[in-house]
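Proteins get letters first, then strands, A, B, ... in listed order; numbering begins at 1 in each. Remember, predicted model here, so these are calculated numbers, not experimental data.
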Number of protein chains: 2
Amino acid sequence: MPGHGRGPWWHERFQEKGWRITPAREVIMDILHNTKEHISAADIYVKAHAVNPAIGLTTVYRTLDMLEKTGIVQKFDFGDGMARYELINNPGAKDHHHHLICLNCKKIIDYTEFMEDEVDFLEKTEKKLSDKYRFKITGHVINFYGLCKECGSGR
Amino acid sequence: MPGHGRGPWWHERFQEKGWRITPAREVIMDILHNTKEHISAADIYVKAHAVNPAIGLTTVYRTLDMLEKTGIVQKFDFGDGMARYELINNPGAKDHHHHLICLNCKKIIDYTEFMEDEVDFLEKTEKKLSDKYRFKITGHVINFYGLCKECGSGR
DNA sequence: CCTGTAAATGAAAATGATTTTCATTACCAA
DNA sequence: TTGGTAATGAAAATCATTTTCATTTACAGG
Ligand SMILES: [Mn+2]
Ligand SMILES: [Mn+2]
Ligand SMILES: [Zn+2]
Ligand SMILES: [Zn+2]
């Protein structure tokens with residue numbers, strides 16, 4: 001049960017990996033927790049910097065990289081020039097969801113409507129793939145692309 | 001039925017859109033056709049340039065952009081720094097498939113194993129989303145992330 | 001509580017894919 | 001054939017992300 005140890009849930013995950021607990025990492029994890037939207041490295045940097053001006057953008061990138069590889073955050077590319085990050089499979093993570101992306105105006109719709117079915121389905125697929133390719137799957141991205149209501153009408 | 005008009009299938013799609021048929025576009029469409037792998041803008045540029053040195057990289061980017069927005073090609077970001085493109089939903093397109101991406105070594109596994117089921121499932125989902133959000137869906141991307149056989153063993 | 005050491009950090013510079021600018025060319029409807 | 005406009009490419013600009021490197025810091029051991 002949670003709350004057993006001392007610090008936040010992710011401390012032990014860091015320790016398992018042999019990663020040090022640093023002020024910068026504390027702040028970044030905290031920001032990730034308290035952000036619902038997909039957030040960019042620059043966004044995180046601004047917030048982190050507000051809390052602790054010593055934290056640099058480079059560290060933000062390095063930390064996100066690390067978190068991605070461990071499956072703690074999912075990195076997204078919505079085609080608007082910068083990557084976005086989101087906590088997954090963990091306390092504080094937003095409900096699992098997928099995306100509709102407008103190729104014209106870049107609007108992103110998060111949908112959760114049909115997730116029960118989708119998640120069921122995907123779990124089976126993940127299992128099959130995992131077995132067949134000996135691949136340890138930590139996350140997935142499903143994006144549907146097209147034109148939104150506004151952009152689809154005209155051209 | 002195909003083969004009715006004069007040129008290749010995509011001529012009419014361009015004409016519908018009011019786009020001009022140009023040498024650069026002919027070459028690029030041709031390259032897209034004859035390439036199985038996901039191909040980058042730079043790759044296309046090299047091949048196009050070999051055929052016709054007048055074709056510039058800028059045009060390659062502009063054309064791919066246009067093709068993406070029309071749903072003729074799908075743009076992929078596999079996290080290795082440059083986008084990849086692939087013909088979809090059209091003659092010459094590779095069989096529909098999804099991806100397993102290793103977060104560590106960036107290896108990409110195209111899998112087609114369970115596609116029948118997945119495609120069935122996705123079509124239903126697309127229909128539902130399309131209706132609910134009045135969103136015209138032209139393509140989708142499904143990526144599973146994790147660690148491949150080689151990278152998963154150790155750390 | 002100290003210490004040694006490898007990991008972590010940040011500032012600054014480098015990188016490199018993609019975009020923008022702008023003057024020139026070429027498609028194609030009339 | 002021609003005019004108007006879309007398309008093009010070379011070169012410069014952008015800008016997110018990465019690399020370098022000198023300095024700092026977490027923390028295992030003593
Ligand atoms: Mn989302
Ligand atoms: Mn593929
Ligand atoms: Zn739109
Ligand atoms: Zn790998």
From D/dA7, D/dA11, C/dT9, nucleotide with atom closest to B/Thr58 side chain: D/dA11

Residue pairs passing the side-chain hydrogen bond (donor to acceptor under 3.5 Å, both in side chains) test where at least one lies in residues 39-65 of chain B, sequence neighbours excluded: B/Ser40-B/Asp43

Whole angstrom value for the distance that separates P of C/dA14 from CG of A/Leu57: 18 Å

Evaluation steps, ring-ring contact (aromatic ring centres under 6.0 Å, His included), between B/His11 and B/Trp19: CA-CA 9 Å; B/His11 277 198; B/Trp19 295 333; over 10 Å; no

By ring pair (Phe, Tyr, Trp, His ring centres under 6.0 Å) - contacts of B/Phe144 (at least two apart): A/His140

Whole-Å distance separating the CD1 atom of A/Ile55 from the C1' atom of C/dA8: 13 Å

Flag if over 12 foreign heavy atoms under 6.0 Å of CD, A/Glu12: no

Pairwise 5' ranking along DNA chain C for A/Ala54 and B/Ala41, keeping only the more 5' one: A/Ala54

Sugar-phosphate or base contact per nucleotide [nucleotides 22-30 of chain C; S, B, -; heavy atom under 4.0 Å]: ----BBS--

Atom pair distance, as rounded to whole Å: CD in A/Glu68 and P in D/dT18: 10 Å

Atom-pair distance (CG on A/Asp65; P on D/dA16), nearest Å: 17 Å

Interatomic distance where CG belongs to A/Asp77 and P belongs to C/dT18 [whole Å]: 10 Å

For atom CG of B/Asp80 and atom P of D/dT17, their distance in whole Å: 14 Å

Whole-Å gap separating C1' (D/dA7) and CD (B/Glu26): 14 Å

Touch class at under 4.0 angstrom, heavy-atom based, for B/Ala42 against every strand present: nothing

Distance, rounded to the nearest Å, where A/Leu64 contributes CG and C/dA8 contributes P: 15 Å

Within 6.0 angstrom of A/Lys128 NZ, more than 12 heavy atoms from elsewhere: yes

Residue-phosphate contact under 4.0 Å: A/Tyr61 side-chain N/O, D/dT18 OP1/OP2: no

Closest approach of B/Val60 to B/Ile28 (non-hydrogen atoms, all atoms of both residues): CA-CD1, 3.9 Å

Sugar-phosphate, base or nothing in reach of B/Ala83, heavy atoms under 4.0 Å: sugar-phosphate

Working for side-chain contact (heavy atoms from CB on, under 4.5 Å), residues B/Thr125 and A/Ile142: CA-CA 11 Å; B/Thr125 306; A/Ile142 299 193; over 6 Å; no

